[in-house]
Amino acid sequence: MREAGNVTDQARNVGMDVPLPIRGTWRRAGCLLVLMIVSTWSLKSAENAPLFRLPTPNRAIFEPGGESRFFAPTAGKLWPSGTFGCVRTDGRQLHEGIDILFTQTDRRGEPTDPVTAVADGSVVYVNRKSGLSNYGLYVVVRHQTSGLTIQTLYAHLATIGPGVQVGARVAAGQLIGKLGRTTNTRSSISKDRAHLHLEFNFQLNPSYAQWHARHRVGERNDHGNWNGRNLLGVDPWKLYMEQQRLGSRFDLVKWIRSSPEVCRVFVRDSDFPWIKANPAFVRPNPRANKEGVAGFEIALDFMGVPMECTPRAASEMKRLVSNQVLYVNEAELSQHPCRRWVTKSGKGWVLSTAGLELMSLLTF
Ligand SMILES: [Zn+2]
C-alpha cells in the first residue's frame, strides 16, 4: 500500500506528465488487473460448467413432459423402457443405461446426431467390431473426479470419431462418433428407434480378464477387462436431473452415497483394487486404523456398487467370516426384482450365487 501511495505522490508531483518507468508500472498493474478479472471469470465459469454434459443435441430431458422425446422405448413399449434399471420384460430384465433418441437424420432417414464426450477423460476401450456385441460399435471413456474413477460408455454408434483410440485424451464436448443403430442382436434397431445407449459405470476390478479365465472357464471373453459383468452402472437420468437441480453444488460422491443401500456384506480382505480406484467410497474408522484392519463392511446399492466401504477391526465383529450378510433393506430389495445379491436362508439372509460372484470379483 505504501508503495502505491509513493507512486501516486510522485505522479502528483510531476503533474500529468508521468515519467515513462512509472507509466510502465501502471500499464503492468492494469494488465495484471485484467488478467485477474479474466482468470476469476474463467474460474467462475468452470465452477458453473456442469460436471457432465449431455452427449447428444437432445436436451428434452430438461423440458417438462419431454421424456417421450428423450428416451427411445423398446419396440412396442413406452418411453420408460428406455430408462435405467429393471425396466425390461415386466421388471425382470435390467437395462444398465439410458437410450437417448436421435434428433436429426439425413435424406435416407439415418440418424446424424454427433455423440460427444460428457466430460474430460481418456479413452479406455473401443469396440470396432459390431458383431462382437449387442452394443455394436462402442467407446468407453474414463473420468477421474473427486476420489472416484467413473466411466461413460457410448453404444450403437454408426461411426467412431477421428483419433478416438485407447489412450487418447478427450475433452468435454469432443466428438466420440455418430449416433447409429449398430448391434449384433437378431432383431435390428429400426430407424425410428435409433438411439445412443449411454452408461455411467464403475469397473469392479481392473484384472477382470484373469478372474474370468479362472472362474469362467470355457466362456468367451471378447472385451477383456471391459466385460459387462465387470461394469456396475449408476442411473444417468437421475444423475443429470440432480445435477440440473443443484448446479455447481452437485457432488457426485455425495449423490452416489445417498442412494439407498440394498445390503451390507463383510469380507475378510483388507486391501482390494476398488478402494484404491475409489477412495471417496471409503469411510474412515479410527478404531480399525489403530487395531488393524480385519476386513471391510461393504454397503451395496441395488446395482451392486460398493458405495460405502468401512474398514473393521476384529474387535468390532461378532464373527470374522467372509461374505456374511450383515443387513438387508427388504423394501429396497423388492423395488428392483431384476438384481438379487442376497437370498433368504431359513430366518436369515445369505449372498446369492450372483452376490458371491460379485464379492469374488471385487476382492480378486
Ligand atoms: Zn440401451
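Hydrogens, waters and symmetry mates are skipped; everything else that's a heavy atom, side chains included, is used. When a ligand or atom number is given, it counts from 1 through the structure's own listing order.
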Tell me whether the centres of the aromatic rings in [X] and [Y] are closer together than 6.0 Å.
X: Phe70; Y: Trp79; answer: no
X: His156; Y: Tyr138; answer: no
X: Phe52; Y: Phe200; answer: yes

Do you see an N/O/S atom of His95, backbone or side chain, under 2.8 Å from the Zn ion (ligand 1)? yes
Have a look at Asp99 and say which of its N, O or S atoms is nearest the Zn ion (ligand 1). OD1
Can you name the N/O/S atom of His197 that is nearest the Zn ion (ligand 1)? ND1
Among Leu351, Leu326, Leu356, the one residue meeting side chain to side chain contact (heavy atoms under 4.5 Å, CB included) with Val265: Leu351
